[in-house]
Amino acid sequence: MTTRTPTTTGDPGSAGTPATAGPRTARALRGPGGLSLRIDVRACVVVAALLAAALTAGVVLIGTGDFPIPASEVLRTLVGRGDHGQEFIVRELRLPRVLVGLLVGACLGLGGALFQSVSRNPLGSPDVLGLSQGATAGALTVIVLFSGSAGAVTLGALAGGLVTGLAIHLLAWKRGVHGYRLVLVGIGVSAVVTAVNGYIITKADFVDAARAVVWMTGSLNGRDWTQVWPLLALFAVLLPLVLANARGLRMLEMGDDLSRALGVRVERVRLLMTAAAVLLTSAATAAAGPVAFVALTAPQLARRLTLPRCLNGAGGAPMPGPNLVPSLCMGAALLVTADWASQRAFGADQLPVGVVTGVLGGIHLLWLLVTERRAGRI
(Lines give C-alpha, C1' and ligand atoms only; values in the text may rest on other atoms or scores of the structure.)
Protein backbone atom coordinates (compact mmCIF):
# COMPACT_ATOMS: atom_id res chain seq x y z
CA MET A 1 0.00 0.00 0.00
CA THR A 2 1.28 3.48 -0.80
CA THR A 3 0.63 6.84 0.73
CA ARG A 4 1.55 10.40 -0.19
CA THR A 5 4.16 11.59 2.30
CA PRO A 6 3.43 14.98 3.91
CA THR A 7 6.14 17.57 4.41
CA THR A 8 5.61 17.55 8.16
CA THR A 9 4.38 14.95 10.57
CA GLY A 10 2.61 15.63 13.79
CA ASP A 11 3.44 14.78 17.34
CA PRO A 12 0.48 13.26 19.24
CA GLY A 13 0.04 16.44 21.16
CA SER A 14 0.41 18.94 18.34
CA ALA A 15 -0.38 19.23 14.66
CA GLY A 16 1.85 20.41 11.84
CA THR A 17 5.13 20.28 13.75
CA PRO A 18 8.28 18.86 12.23
CA ALA A 19 8.89 15.17 12.68
CA THR A 20 10.65 14.32 15.93
CA ALA A 21 12.16 11.11 14.60
CA GLY A 22 15.49 11.62 12.97
CA PRO A 23 16.72 10.11 9.75
CA ARG A 24 18.26 7.24 11.69
CA THR A 25 14.87 5.53 12.12
CA ALA A 26 12.65 6.69 9.22
CA ARG A 27 13.30 5.84 5.59
CA ALA A 28 11.32 7.03 2.56
CA LEU A 29 10.96 4.98 -0.61
CA ARG A 30 9.81 7.11 -3.53
CA GLY A 31 7.79 5.77 -6.43
CA PRO A 32 6.26 7.12 -9.63
CA GLY A 33 3.55 9.75 -9.53
CA GLY A 34 4.83 11.49 -6.41
CA LEU A 35 3.91 8.56 -4.17
CA SER A 36 6.23 7.43 -1.42
CA LEU A 37 6.34 4.85 1.33
CA ARG A 38 7.83 5.76 4.69
CA ILE A 39 9.17 2.96 6.83
CA ASP A 40 10.35 3.10 10.42
CA VAL A 41 13.44 0.89 10.36
CA ARG A 42 13.53 0.43 14.12
CA ALA A 43 9.90 -0.64 14.29
CA CYS A 44 10.34 -3.09 11.42
CA VAL A 45 13.39 -4.60 13.10
CA VAL A 46 11.46 -4.96 16.37
CA VAL A 47 8.50 -6.60 14.63
CA ALA A 48 10.79 -9.00 12.77
CA ALA A 49 12.64 -9.87 15.98
CA LEU A 50 9.39 -10.47 17.88
CA LEU A 51 8.03 -12.66 15.09
CA ALA A 52 11.26 -14.66 15.03
CA ALA A 53 11.15 -15.03 18.82
CA ALA A 54 7.53 -16.17 18.79
CA LEU A 55 8.09 -18.73 16.02
CA THR A 56 11.31 -19.99 17.62
CA ALA A 57 9.59 -20.40 20.97
CA GLY A 58 6.76 -22.20 19.20
CA VAL A 59 9.14 -24.70 17.56
CA VAL A 60 10.92 -25.31 20.88
CA LEU A 61 7.57 -25.73 22.65
CA ILE A 62 6.43 -28.32 20.08
CA GLY A 63 9.55 -30.34 20.91
CA THR A 64 8.97 -30.11 24.67
CA GLY A 65 7.11 -32.82 26.57
CA ASP A 66 7.24 -36.42 27.75
CA PHE A 67 8.58 -37.36 24.31
CA PRO A 68 11.14 -34.63 23.51
CA ILE A 69 11.85 -33.89 19.86
CA PRO A 70 14.85 -31.82 18.69
CA ALA A 71 14.02 -28.57 16.94
CA SER A 72 15.55 -29.83 13.69
CA GLU A 73 13.25 -32.86 13.74
CA VAL A 74 10.25 -30.63 14.52
CA LEU A 75 11.00 -28.55 11.43
CA ARG A 76 11.42 -31.69 9.31
CA THR A 77 8.08 -33.01 10.56
CA LEU A 78 6.31 -29.72 9.88
CA VAL A 79 7.38 -29.91 6.23
CA GLY A 80 6.24 -33.54 5.97
CA ARG A 81 9.55 -35.39 6.38
CA GLY A 82 9.08 -36.92 9.83
CA ASP A 83 8.17 -40.52 10.67
CA HIS A 84 4.63 -41.57 11.54
CA GLY A 85 5.12 -41.26 15.29
CA GLN A 86 6.54 -37.75 15.02
CA GLU A 87 3.80 -36.76 12.59
CA PHE A 88 1.14 -37.73 15.11
CA ILE A 89 2.84 -36.08 18.08
CA VAL A 90 3.67 -32.85 16.27
CA ARG A 91 0.65 -32.32 14.03
CA GLU A 92 -2.15 -33.74 16.17
CA LEU A 93 -1.01 -33.20 19.76
CA ARG A 94 1.38 -30.28 20.03
CA LEU A 95 0.99 -28.05 16.97
CA PRO A 96 -2.65 -27.09 17.75
CA ARG A 97 -1.67 -26.11 21.30
CA VAL A 98 1.14 -23.89 20.03
CA LEU A 99 -1.06 -22.29 17.37
CA VAL A 100 -3.75 -21.56 19.97
CA GLY A 101 -1.07 -20.01 22.17
CA LEU A 102 0.22 -17.80 19.35
CA LEU A 103 -3.28 -16.70 18.35
CA VAL A 104 -4.45 -16.10 21.93
CA GLY A 105 -1.33 -14.06 22.67
CA ALA A 106 -1.77 -12.05 19.46
CA CYS A 107 -5.46 -11.39 20.21
CA LEU A 108 -4.70 -10.29 23.77
CA GLY A 109 -1.79 -8.09 22.71
CA LEU A 110 -3.83 -6.40 19.97
CA GLY A 111 -6.92 -6.08 22.19
CA GLY A 112 -4.86 -4.56 25.00
CA ALA A 113 -3.28 -2.04 22.61
CA LEU A 114 -6.72 -1.01 21.38
CA PHE A 115 -8.11 -0.54 24.88
CA GLN A 116 -5.08 1.45 26.02
CA SER A 117 -5.30 3.66 22.95
CA VAL A 118 -9.06 4.25 23.25
CA SER A 119 -8.84 5.00 26.97
CA ARG A 120 -5.50 6.85 26.62
CA ASN A 121 -4.46 5.08 29.79
CA PRO A 122 -1.76 2.40 30.26
CA LEU A 123 -4.08 0.66 32.75
CA GLY A 124 -6.84 0.31 30.16
CA SER A 125 -6.59 -3.44 29.57
CA PRO A 126 -9.18 -6.24 29.58
CA ASP A 127 -7.86 -7.48 32.93
CA VAL A 128 -8.54 -4.13 34.59
CA LEU A 129 -11.73 -3.25 32.70
CA GLY A 130 -13.48 -6.50 33.62
CA LEU A 131 -13.83 -8.08 30.18
CA SER A 132 -11.85 -11.17 31.16
CA GLN A 133 -14.02 -11.52 34.26
CA GLY A 134 -17.15 -11.14 32.13
CA ALA A 135 -16.03 -13.90 29.79
CA THR A 136 -15.25 -16.03 32.85
CA ALA A 137 -18.77 -15.43 34.16
CA GLY A 138 -20.24 -16.67 30.89
CA ALA A 139 -18.10 -19.81 30.95
CA LEU A 140 -18.86 -20.50 34.63
CA THR A 141 -22.57 -20.17 33.99
CA VAL A 142 -22.38 -22.83 31.28
CA ILE A 143 -20.16 -25.13 33.38
CA VAL A 144 -22.06 -24.89 36.67
CA LEU A 145 -25.68 -24.41 35.64
CA PHE A 146 -25.76 -26.47 32.44
CA SER A 147 -22.72 -28.81 32.69
CA GLY A 148 -21.99 -27.79 29.12
CA SER A 149 -19.47 -29.28 26.73
CA ALA A 150 -16.20 -27.60 25.76
CA GLY A 151 -17.88 -26.00 22.76
CA ALA A 152 -20.71 -24.66 24.92
CA VAL A 153 -18.19 -23.25 27.41
CA THR A 154 -16.46 -21.44 24.56
CA LEU A 155 -19.73 -19.89 23.39
CA GLY A 156 -20.62 -18.96 26.97
CA ALA A 157 -17.29 -17.19 27.46
CA LEU A 158 -17.70 -15.31 24.18
CA ALA A 159 -21.25 -14.23 25.12
CA GLY A 160 -20.16 -13.18 28.61
CA GLY A 161 -17.38 -10.99 27.25
CA LEU A 162 -19.65 -9.32 24.72
CA VAL A 163 -22.38 -8.61 27.31
CA THR A 164 -19.81 -7.18 29.73
CA GLY A 165 -18.27 -5.00 27.02
CA LEU A 166 -21.69 -3.66 26.06
CA ALA A 167 -22.53 -2.92 29.71
CA ILE A 168 -19.26 -1.05 30.23
CA HIS A 169 -19.79 1.00 27.08
CA LEU A 170 -23.35 1.96 28.03
CA LEU A 171 -22.44 2.83 31.62
CA ALA A 172 -19.46 4.92 30.48
CA TRP A 173 -21.47 6.79 27.83
CA LYS A 174 -22.09 10.47 28.49
CA ARG A 175 -22.01 12.46 25.26
CA GLY A 176 -19.37 9.97 24.17
CA VAL A 177 -16.99 7.59 25.91
CA HIS A 178 -13.87 9.10 27.45
CA GLY A 179 -10.76 7.38 28.71
CA TYR A 180 -10.75 7.74 32.48
CA ARG A 181 -14.50 7.26 32.70
CA LEU A 182 -14.13 4.02 30.75
CA VAL A 183 -11.39 2.79 33.09
CA LEU A 184 -13.30 3.71 36.26
CA VAL A 185 -16.52 2.10 35.05
CA GLY A 186 -14.57 -0.96 33.98
CA ILE A 187 -12.98 -1.32 37.42
CA GLY A 188 -16.41 -1.15 39.04
CA VAL A 189 -17.90 -3.69 36.63
CA SER A 190 -14.89 -5.94 37.18
CA ALA A 191 -15.48 -5.93 40.95
CA VAL A 192 -19.16 -6.79 40.52
CA VAL A 193 -18.53 -9.58 38.01
CA THR A 194 -15.74 -11.03 40.17
CA ALA A 195 -18.17 -11.26 43.07
CA VAL A 196 -20.72 -12.96 40.80
CA ASN A 197 -18.10 -15.48 39.73
CA GLY A 198 -17.33 -16.29 43.34
CA TYR A 199 -21.03 -16.83 44.03
CA ILE A 200 -21.38 -19.16 41.04
CA ILE A 201 -18.44 -21.24 42.27
CA THR A 202 -20.04 -21.66 45.71
CA LYS A 203 -23.17 -23.10 44.08
CA ALA A 204 -21.29 -25.72 42.04
CA ASP A 205 -20.77 -29.33 43.03
CA PHE A 206 -17.24 -30.61 43.58
CA VAL A 207 -16.62 -31.86 40.03
CA ASP A 208 -17.96 -28.74 38.31
CA ALA A 209 -16.14 -26.46 40.77
CA ALA A 210 -12.82 -28.20 40.09
CA ARG A 211 -13.42 -27.95 36.34
CA ALA A 212 -14.31 -24.26 36.66
CA VAL A 213 -11.24 -23.43 38.74
CA VAL A 214 -8.95 -25.09 36.19
CA TRP A 215 -10.58 -23.12 33.39
CA MET A 216 -10.38 -19.86 35.36
CA THR A 217 -6.62 -20.20 35.73
CA GLY A 218 -5.99 -19.94 32.00
CA SER A 219 -4.36 -22.90 30.32
CA LEU A 220 -3.38 -24.29 26.90
CA ASN A 221 -3.60 -27.91 28.01
CA GLY A 222 -5.72 -30.12 25.77
CA ARG A 223 -6.19 -27.54 23.04
CA ASP A 224 -6.81 -28.99 19.59
CA TRP A 225 -7.79 -27.94 16.08
CA THR A 226 -11.38 -27.18 17.14
CA GLN A 227 -10.04 -24.12 18.99
CA VAL A 228 -7.59 -23.12 16.26
CA TRP A 229 -9.91 -22.55 13.29
CA PRO A 230 -12.58 -20.28 14.88
CA LEU A 231 -9.89 -18.17 16.56
CA LEU A 232 -7.89 -17.92 13.34
CA ALA A 233 -10.98 -16.94 11.32
CA LEU A 234 -11.97 -14.21 13.79
CA PHE A 235 -8.43 -12.85 13.93
CA ALA A 236 -8.17 -12.82 10.13
CA VAL A 237 -11.38 -10.78 9.90
CA LEU A 238 -10.65 -8.29 12.70
CA LEU A 239 -6.99 -7.55 11.97
CA PRO A 240 -7.61 -5.83 8.59
CA LEU A 241 -10.52 -3.90 10.13
CA VAL A 242 -8.33 -2.66 12.97
CA LEU A 243 -5.43 -1.69 10.72
CA ALA A 244 -7.80 0.12 8.34
CA ASN A 245 -8.92 2.33 11.24
CA ALA A 246 -5.45 2.76 12.73
CA ARG A 247 -5.05 6.31 11.41
CA GLY A 248 -8.29 7.44 13.06
CA LEU A 249 -7.28 5.69 16.27
CA ARG A 250 -3.96 7.51 16.24
CA MET A 251 -5.69 10.84 15.69
CA LEU A 252 -7.85 10.23 18.78
CA GLU A 253 -4.71 10.57 20.90
CA MET A 254 -4.68 14.28 19.99
CA GLY A 255 -8.11 14.77 21.58
CA ASP A 256 -11.64 14.61 20.25
CA ASP A 257 -11.90 18.22 19.06
CA LEU A 258 -8.70 18.16 17.03
CA SER A 259 -9.57 14.71 15.66
CA ARG A 260 -12.93 15.98 14.41
CA ALA A 261 -11.19 18.98 12.84
CA LEU A 262 -8.95 16.54 10.95
CA GLY A 263 -11.99 14.71 9.61
CA VAL A 264 -12.06 11.73 11.96
CA ARG A 265 -15.48 10.36 12.90
CA VAL A 266 -14.55 10.08 16.55
CA GLU A 267 -17.41 8.05 18.03
CA ARG A 268 -17.54 5.71 15.04
CA VAL A 269 -13.83 4.92 15.30
CA ARG A 270 -13.98 4.57 19.08
CA LEU A 271 -17.01 2.26 18.92
CA LEU A 272 -15.51 0.09 16.16
CA MET A 273 -12.19 -0.27 17.92
CA THR A 274 -13.81 -0.99 21.28
CA ALA A 275 -16.02 -3.65 19.67
CA ALA A 276 -13.00 -5.21 17.95
CA ALA A 277 -11.06 -5.24 21.23
CA VAL A 278 -13.99 -6.88 23.05
CA LEU A 279 -14.29 -9.56 20.37
CA LEU A 280 -10.55 -10.26 20.37
CA THR A 281 -10.40 -10.52 24.15
CA SER A 282 -13.55 -12.63 24.44
CA ALA A 283 -12.39 -15.02 21.73
CA ALA A 284 -8.97 -15.41 23.36
CA THR A 285 -10.58 -16.03 26.76
CA ALA A 286 -12.99 -18.53 25.23
CA ALA A 287 -10.09 -20.46 23.67
CA ALA A 288 -7.66 -20.56 26.61
CA GLY A 289 -9.41 -19.15 29.65
CA PRO A 290 -8.63 -15.78 31.26
CA VAL A 291 -4.86 -15.67 30.76
CA ALA A 292 -3.82 -12.82 33.03
CA PHE A 293 -1.88 -9.66 32.22
CA VAL A 294 -0.76 -10.41 28.65
CA ALA A 295 -3.10 -7.71 27.33
CA LEU A 296 -1.73 -5.24 29.88
CA THR A 297 1.96 -6.04 29.50
CA ALA A 298 2.43 -6.69 25.77
CA PRO A 299 1.48 -3.17 24.50
CA GLN A 300 3.67 -1.48 27.10
CA LEU A 301 6.71 -3.60 26.30
CA ALA A 302 6.14 -3.15 22.57
CA ARG A 303 5.85 0.62 22.98
CA ARG A 304 9.15 0.80 24.84
CA LEU A 305 10.91 -1.28 22.21
CA THR A 306 9.59 0.82 19.33
CA LEU A 307 10.15 4.27 20.83
CA PRO A 308 10.29 6.99 19.62
CA ARG A 309 7.97 5.70 16.92
CA CYS A 310 6.15 2.49 16.16
CA LEU A 311 4.86 0.60 13.15
CA ASN A 312 1.16 1.10 12.66
CA GLY A 313 -1.51 1.92 10.15
CA ALA A 314 -1.63 1.82 6.39
CA GLY A 315 1.57 1.38 4.50
CA GLY A 316 3.68 0.79 7.60
CA ALA A 317 3.99 4.53 8.19
CA PRO A 318 6.06 5.53 11.23
CA MET A 319 4.03 7.26 13.88
CA PRO A 320 3.49 7.58 17.60
CA GLY A 321 0.35 5.70 18.54
CA PRO A 322 -1.13 2.43 19.65
CA ASN A 323 1.67 0.28 18.11
CA LEU A 324 -0.78 -2.40 17.02
CA VAL A 325 1.49 -4.70 15.02
CA PRO A 326 4.32 -4.79 17.58
CA SER A 327 1.78 -5.38 20.36
CA LEU A 328 0.23 -8.43 18.74
CA CYS A 329 3.68 -9.86 17.99
CA MET A 330 4.77 -9.21 21.57
CA GLY A 331 1.63 -10.88 22.93
CA ALA A 332 2.23 -14.01 20.86
CA ALA A 333 5.88 -14.20 21.90
CA LEU A 334 5.05 -13.66 25.59
CA LEU A 335 2.39 -16.35 25.77
CA VAL A 336 4.27 -19.17 24.03
CA THR A 337 7.43 -18.32 25.96
CA ALA A 338 5.49 -18.41 29.25
CA ASP A 339 3.97 -21.77 28.29
CA TRP A 340 7.40 -23.17 27.48
CA ALA A 341 8.77 -21.86 30.78
CA SER A 342 5.92 -23.46 32.74
CA GLN A 343 6.61 -26.84 31.15
CA ARG A 344 10.38 -26.68 31.55
CA ALA A 345 10.21 -25.56 35.17
CA PHE A 346 7.39 -27.75 36.45
CA GLY A 347 6.75 -30.43 33.84
CA ALA A 348 4.00 -30.67 31.24
CA ASP A 349 0.42 -30.17 32.47
CA GLN A 350 1.48 -29.25 36.03
CA LEU A 351 1.47 -25.46 35.90
CA PRO A 352 -1.05 -23.62 33.68
CA VAL A 353 0.34 -20.78 31.63
CA GLY A 354 -2.03 -18.34 33.35
CA VAL A 355 -0.11 -18.76 36.59
CA VAL A 356 3.18 -17.74 34.94
CA THR A 357 1.70 -14.74 33.14
CA GLY A 358 -0.14 -13.74 36.34
CA VAL A 359 3.08 -13.64 38.38
CA LEU A 360 5.08 -11.77 35.74
CA GLY A 361 2.20 -9.46 34.87
CA GLY A 362 1.53 -8.62 38.50
CA ILE A 363 5.14 -7.52 38.92
CA HIS A 364 4.85 -5.41 35.77
CA LEU A 365 1.59 -3.84 37.01
CA LEU A 366 3.22 -2.80 40.30
CA TRP A 367 6.11 -1.28 38.39
CA LEU A 368 3.69 0.51 36.06
CA LEU A 369 1.72 1.96 38.98
CA VAL A 370 4.91 3.23 40.62
CA THR A 371 6.04 4.80 37.33
CA GLU A 372 2.67 6.50 36.76
CA ARG A 373 2.64 7.80 40.34
CA ARG A 374 6.14 9.26 40.03
CA ALA A 375 5.07 10.96 36.81
CA GLY A 376 2.13 12.52 38.64
CA ARG A 377 -0.52 10.88 36.46
CA ILE A 378 -2.17 8.95 39.31
Side-chain angles (χ1 to χ4, degrees), residues 54 57-58 61 96-116 125-140 143 150 153-154 156-158 160-161 164-165 190 193-194 197 211-224 227-228 230-232 234-235 277-302 327-343 345-346 348-365:
L61 182 57
R97 172 183 177 137
V98 171
L99 291 177
V100 170
L102 289 170
L103 288 170
V104 167
C107 287
L108 291 176
L110 183 57
L114 290 173
F115 275 121
Q116 291 178 17
S125 80
D127 306 293
V128 178
L129 297 180
L131 290 171
S132 299
Q133 292 82 351
T136 301
L140 291 180
I143 292 172
V153 172
T154 298
L158 188 60
T164 304
S190 176
V193 177
T194 300
N197 291 342
R211 181 185 173 197
V213 169
V214 171
W215 190 90
M216 289 173 63
T217 305
S219 175
L220 297 175
N221 295 340
R223 298 304 181 263
D224 56 28
Q227 281 89 28
V228 173
L231 193 58
L232 179 60
L234 182 68
F235 184 76
V278 170
L279 285 171
L280 288 166
T281 304
S282 301
T285 305
V291 180
F293 288 116
V294 174
L296 175 69
T297 305
Q300 294 299 314
L301 295 179
S327 295
L328 72 88
C329 296
M330 177 64 76
L334 282 178
L335 193 56
V336 292
T337 303
D339 193 37
W340 173 81
S342 69
Q343 291 194 38
F346 298 93
D349 300 335
Q350 291 188 11
L351 187 64
V353 67
V355 176
V356 178
T357 61
V359 172
L360 298 178
I363 295 173
H364 179 266
L365 177 60

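Computed from a predicted model, the values in this text were never measured in an experiment.
Taking both residues in full, the closest heavy atoms of Val100 and Leu231 are given as O-CD2, 4.3 Å, listed atom of the first, atom of the second, then distance. Across all their heavy atoms, Ser282 and Gly161 have their closest contact at OG-CA, 3.2 Å. Scanning all heavy atoms of the two residues, the minimum distance from Pro299 to Gly112 falls at CG-C, 3.6 Å. Of all non-hydrogen atoms in Gly134 and Thr164, the two that sit nearest each other are CA-OG1, 3.1 Å. Of all heavy-atom pairs spanning Ala332 and Leu102, the tightest one is CB-O, 3.5 Å. Across every non-hydrogen atom of Phe115 and Ala277, the tightest pair is CE1-CB, 3.4 Å.
The line from CG of Asp127 to CZ of Phe293 is 6.0 Å long, rounded to the nearest 0.5 Å. Atom CG of Leu99 sits about 11.0 Å away from atom CG of Leu220, to the nearest 0.5 Å. For the atom pair CE of Met330 and OG1 of Thr297, the computed distance is 10.0 Å after rounding to the nearest 0.5 Å.
In this structure Leu360 satisfies the side chain to side chain contact (heavy atoms under 4.5 Å, CB included) test together with Val356, sequence neighbours excluded. Residues satisfying the side chain to side chain contact (heavy atoms under 4.5 Å, CB included) criterion with Gln133, sequence neighbours excluded, are Ser190, Val193, Thr194, Asn197. Applying the side chain to side chain contact (heavy atoms under 4.5 Å, CB included) rule to Thr337 yields the partners Ala57; only residues at least two apart in sequence or on another chain are considered. For the side chain to side chain contact (heavy atoms under 4.5 Å, CB included) test, residues two or more places apart in sequence or in another chain that qualify with Val128 are Ser125, Ile187. Shown here are the side chain to side chain donor-acceptor pair (under 3.5 Å) partners of Gln116, two or more places apart in sequence or in another chain: Gln300.
In summary, of the residues considered (Val336, Val228, Asp224, Asp339), a side-chain contact (heavy atoms from CB on, under 4.5 Å) with Arg97 occurs for Asp339 alone.
With a 4.5 Å cut-off on side-chain heavy atoms, Ser327 and Leu110 do not count as touching. Annotation: side chain of Pro352 is in contact with side chain of Val355 (closest heavy-atom distance under 4.5 Å). With a 4.5 Å cut-off on side-chain heavy atoms, Met216 and Leu140 count as touching.
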Can you give the donor-acceptor pairs under 3.5 Å from side chains of residues 284-292 to other protein atoms, not counting sequence neighbours?
residue	atom	partner	partner atom	Å
Thr285	OG1	Thr281	O	2.8

Stepwise, does the side-chain contact (heavy atoms from CB on, under 4.5 Å) test hold for Leu334 with Thr357? CA-CA 8 Å; Leu334 282 178; Thr357 61; over 6 Å; no
Begin with the C-alpha distance, continue with both residues' side-chain angles, and end with the deciding distance and a verdict on side-chain contact (heavy atoms from CB on, under 4.5 Å) for Leu114 and Leu280. CA-CA 10 Å; Leu114 290 173; Leu280 288 166; 4.2 Å; yes
